[in-house]
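Note: hydrogens, waters and symmetry copies are ignored here, and every other heavy atom, side chains too, is used.
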Amino acid sequence: MSKKIFLVAALLILASCAAEKKPFVHYCPNVQMAAEFTRLTQTAGRVPESKVELIGYEGYCRLDARNQAQAVIAPIFEVSRLTAASDETVRFSYYTDTGDNKAALIGKQAYPVSVKVSEVGEKVMYQGDYVEVRIPDGQPGFPIKMGLVLSDYQYRYNRTHGLK
């Protein structure tokens, strides 16, 4: 009896090996964060009120319902309030950018964020929502740019304060 069970199990294993299997993941992207777009200092006049830093991301790759490779990424921020006069809620936006290409990818897309920071000087770690980005087939290391959305003033502030 045990020989028959063993034989049936072996046949099932061989049959499953012979079946065509689709890979779970095609290629994962190369997420790039330019230094001048990873820090944001929000000011009131010339007084800094809050700071936001994009410190990394969490992510993985998968196949969607149409068998297309997708990156699923979520940014990780460190947010702090610098003055008591500032609002407890720090609002900012970040972006993902797949660039200009013919593969009908999402291009550049911004995502608004609100983070509550109760105490002045407190640093709050915040993970943004997961964003799904389609990856072109056959392009290993496909780059996805990620950063904070900055005004011209905020960009110049970063450049003059050594954040290049």
Given S93, which of V113, L150, V149, L148 fulfils the side-chain contact (heavy atoms from CB on, under 4.5 Å) condition?
V149
Can you pull out every salt bridge (Lys or Arg N to Asp or Glu O under 4.0 Å) where at least one residue sits in residues 109-121? Sequence neighbours excluded, please.
E88-K116
Which heavy-atom pair separates G45 from Y153 by the least distance, and what is that distance?
O-OH, 4.3 Å
Looking at side-chain heavy atoms only, is the closest gap between Q154 and Q42 below 4.5 Å?
yes
Any side-chain heavy atom of V120 sitting closer than 4.5 Å to one from T83?
no
Enter the distance from Y111:OH to F92:CZ here, rounded to the nearest 0.5 Å.
14.5 Å
Straight-line distance of S114 OG to Y126 OH, nearest 0.5 Å:
8.0 Å
Restricting to pairs with a member in residues 42-52, which pass salt bridge (Lys or Arg N to Asp or Glu O under 4.0 Å), not counting sequence neighbours?
none
Can you check whether F77 and Y94 have ring centres sitting under 6.0 Å from each other?
yes
Do I73 and I144 have side chains that approach each other closer than 4.5 Å (heavy atoms only, starting at C-beta)?
yes
Flag for Y130-E58: side-chain donor and acceptor within less than 3.5 Å
yes
Please name the pair of heavy atoms, one in G128 and one in A74, separated by the smallest distance, quoted to 0.1 Å.
O-CB, 3.4 Å
Using 0.5 Å steps for rounding, measure from the CZ atom of R81 to the OG atom of S50.
9.5 Å
Is there a side-chain contact between D64 and E132 in this structure, where contact means two heavy atoms from C-beta onward sitting under 4.5 Å apart?
no
In terms of heavy-atom contacts, L54 and G147 come closest through CD2-CA, 3.7 Å
Taking side chain as C-beta onward, heavy atoms only, is Q70 less than 4.5 Å from L63?
no
If hydrophobic clusters are built from ILVMFWY residues whose side chains come within less than 4.5 Å, do V79 and L82 share one?
no
With rounding to the nearest 0.5 Å, note down the distance linking CD in E78 to NZ in K123.
4.5 Å
Do V131 and V72 have side chains that get closer than 4.5 Å, going by heavy atoms?
no
Does the side chain of T41 come within less than 4.5 Å of R39's, by heavy atoms?
no
Assess, by modelled atom type and distance only, whether the side chains of Q109 and T96 contain a donor and an acceptor separated by less than 3.5 Å.
no
Looking only at heavy atoms, which two atoms of T89 and R91 are closest? And how far apart?
O-NH1, 3.6 Å
Could you check whether any side-chain heavy atom of I76 comes within less than 4.5 Å of a side-chain heavy atom of M125, counting everything from C-beta outward?
yes
Nearest-0.5 Å distance, CE of residue M146 to CZ of residue F37:
14.5 Å
